[in-house]
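Treat the numbers as computed from the prediction; the structure is a model and nothing was measured.
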Amino acid sequence: MTRGWGPLAMTLGVLLLAGCSADAGTPTPSPSASGSQDGAATDDTRPVLAPGTTAATGAFVDTGAVTGAVTGSVAIRVNGTGVFELVVNDLVVSDGTAVQFTLTADALQPDEQCLDSDWRFGLGQADAGYDPAAELVFPIGGSDGIGQGDLSFIREVVVTRAAAGGAPDKACPIPIVSHAPLAWNTPDMRPGLDVVDEGPATGAMGVVTLDGGDPLSYTVAQGDTLAAVAERFGIALDDLFYLNPRRSPNPEDAHAFTGEVLNLSRSNR
């Protein structure tokens with residue numbers, strides 16, 4: 001997989017999480033029904049992306065901080081073993097320094113200069129002296145189930161300077177050199193997923209926020225379990241994890257946390 005990288009340093013699967021979707025202080029775990037995560041969807045007609053499929057594309061934008069600092073294009077691709085990978089082509093870093101690549105679930109402004117995200121996934125870096133004509137490839141997925149087979153909640157690929165030591169700037173600890181908004185071209189990966197509130201039940205007594213009558217989010221109550229919450233909304237536990245790929249500290253943590261806000265909207269995933 002390392003095709004002509006030159007001195008390319010890779011750091012795989014570094015998951016950086018900062019905070020849950022709810023600002024509820026230190027989460028208090030509620031007991032989980034046997035800790036099971038076997039709530040697979042009953043309709044197993046989900047699309048499978050074939051090896052070689054390009055799921056998303058993008059190009060680095062000028063942030064305005066340093067004109068032309070980084071140019072190049074990116075793609076999210078499925079490799080030969082079914083693992084998602086970031087592919088960077090035609091990368092040019094104007095000052096020749098090492099840069100790092102990070103995925104974020106936030107949509108950034110074109111001139112954004114600081115990365116402040118509750119969910120980010122660091123992939124690795126291109127050292128100074130890499131071959132700009134070579135394709136840089138960074139595996140994203142693997143056995144961790146990131147994104148439940150659908151990474152479309154990732155909005156941007158961010159380029160930052162490689163760590164050079166010293167204390168970070170408190171006002172902007174992660175300065176952005178450039179970023180590439182992603183355009184996804186994938187089918188509906190959960191056809192038939194329909195969230196309907198069937199009312200409070202044992203283990204699912206929390207508060208539901210509605211949008212035009214449709215469940216938008218759910219705030220976990222003390223004593224709730226994820227299995228019961230999923231059952232309340234007529235979905236599989238696996239679907240609940242799918243709708244909440246940014247959960248901290250682990251999207252597939254089998255515990256519900258009192259005060260945690262769970263997303264129930266496909267469009268807000």
Side-chain angles (χ1 to χ4, degrees), residues 1-18 48-63 69-93 97-108 110 112 115 117-163 174-187 189 245-246 251 269:
M1 185 177 294
T2 55
R3 290 167 288 190
W5 287 17
L8 176 67
M10 289 179 56
T11 305
L12 303 181
V14 182
L15 183 58
L16 307 172
L17 290 166
V48 176
L49 301 181
T53 298
T54 296
T57 56
F60 292 118
V61 301
D62 180 4
T63 64
V70 172
T71 59
S73 62
V74 298
I76 304 295
R77 185 174 69 190
V78 182
N79 70 13
T81 61
V83 173
F84 285 102
E85 58 190 14
L86 170 67
V87 182
V88 183
N89 283 298
D90 304 318
L91 178 68
V92 175
V93 181
T97 58
V99 293
Q100 293 179 324
F101 299 95
T102 299
L103 306 178
T104 177
D106 289 348
L108 306 176
E112 199 86 33
L115 181 60
S117 171
D118 67 345
W119 190 98
R120 55 186 184 271
F121 193 97
L123 291 176
Q125 71 181 48
D127 289 336
Y130 69 92
D131 180 1
E135 187 178 73
L136 307 183
V137 182
F138 299 88
I140 300 172
S143 61
D144 58 5
I146 180 175
Q148 290 285 293
D150 183 355
L151 298 186
S152 61
F153 71 97
I154 295 172
R155 306 289 192 266
E156 307 253 0
V157 179
V158 178
V159 179
T160 61
R161 298 292 184 202
I174 309 178
I176 295 174
V177 178
S178 186
H179 57 99
L182 291 173
W184 287 89
N185 182 31
T186 54
M189 302 301 286
R246 310 186 199 188
R269 178 177 180 267

### Message
Can you pull out every side chain to side chain donor-acceptor pair (under 3.5 Å) where at least one residue sits in residues 178-187? Sequence neighbours excluded, please.
### Response
Glu156-His179
### Message
Rounded to the nearest 0.5 Å, what separates atom CE in Met189 from atom CG in Leu151?
### Response
9.0 Å
### Nearest heavy atoms of Val137 and Glu85, plus distance in Å
CG1-OE1, 3.3 Å
### Query
Given Ile174 and Arg120, is the side chain to side chain contact (heavy atoms under 4.5 Å, CB included) satisfied, shown in steps?
CA-CA 11 Å; Ile174 309 178; Arg120 55 186 184 271; 3.6 Å; yes
### Query
Looking at CZ of Arg77 and CZ of Phe84, how far apart are the two atoms once the value is rounded to the nearest 0.5 Å?
12.5 Å
### Message
Has Tyr130 got a side-chain atom pairing as donor or acceptor with Leu91's backbone, closer than 3.5 angstrom?
### Response
yes
### Task
Find the distance between CG (Leu123) and CG (Leu136) and round it off to the nearest 0.5 Å.
11.5 Å
## Note on the structure
CG (Leu103) and CG (Leu182) are apart, to the nearest 0.5 Å, by 7.5 Å
### Query
Rounded to the nearest 0.5 Å, how far does CG of Leu86 lie from CD1 of Ile154?
9.5 Å
## Note on the structure
Correct closest heavy-atom pair for Ser117 and Ala105 would be OG-N, 4.4 Å
### Query
Is there a donor-acceptor pair under 3.5 Å between the side chain of Thr53 and the backbone N or O of Ala55?
no
### Summary
Between Pro181 and Ala59 the two heavy atoms that sit nearest each other are CD-O, 3.8 Å
### Query
Taking side chain as C-beta onward, heavy atoms only, is Phe60 less than 4.5 Å from Val177?
no
### Query
Between Gly80 and Pro51, what is the shortest heavy-atom contact and its length?
CA-CB, 4.0 Å
## Note on the structure
Residues Gln100 and Arg161: closest non-hydrogen pair is OE1-O, 3.6 Å
## Note on the structure
For Arg269, the salt bridge (charged side-chain N to carboxylate O under 4.0 Å, His left out) test, sequence neighbours excluded, returns Asp150
### Query
Can you tell me if Arg155 uses its side chain to pair, donor with acceptor, with the backbone of Phe153 under 3.5 Å?
yes
#### Entry: Heavy-atom closest contact (Ala180 atom, Val74 atom, distance)
CB-CG2, 3.8 Å
### Task
Would you check if the side chain of Asn79 reaches a backbone N or O of Thr81 as a donor-acceptor pair within less than 3.5 Å?
yes
### Message
Run Thr102 and Thr104 through side chain to side chain contact (heavy atoms under 4.5 Å, CB included) and show every step you take.
### Response
CA-CA 7 Å; Thr102 299; Thr104 177; 5.5 Å; no
### Query
How many angstroms lie between atom CZ of Arg246 and atom CG of Asp118, to the nearest 0.5 angstrom?
5.5 Å
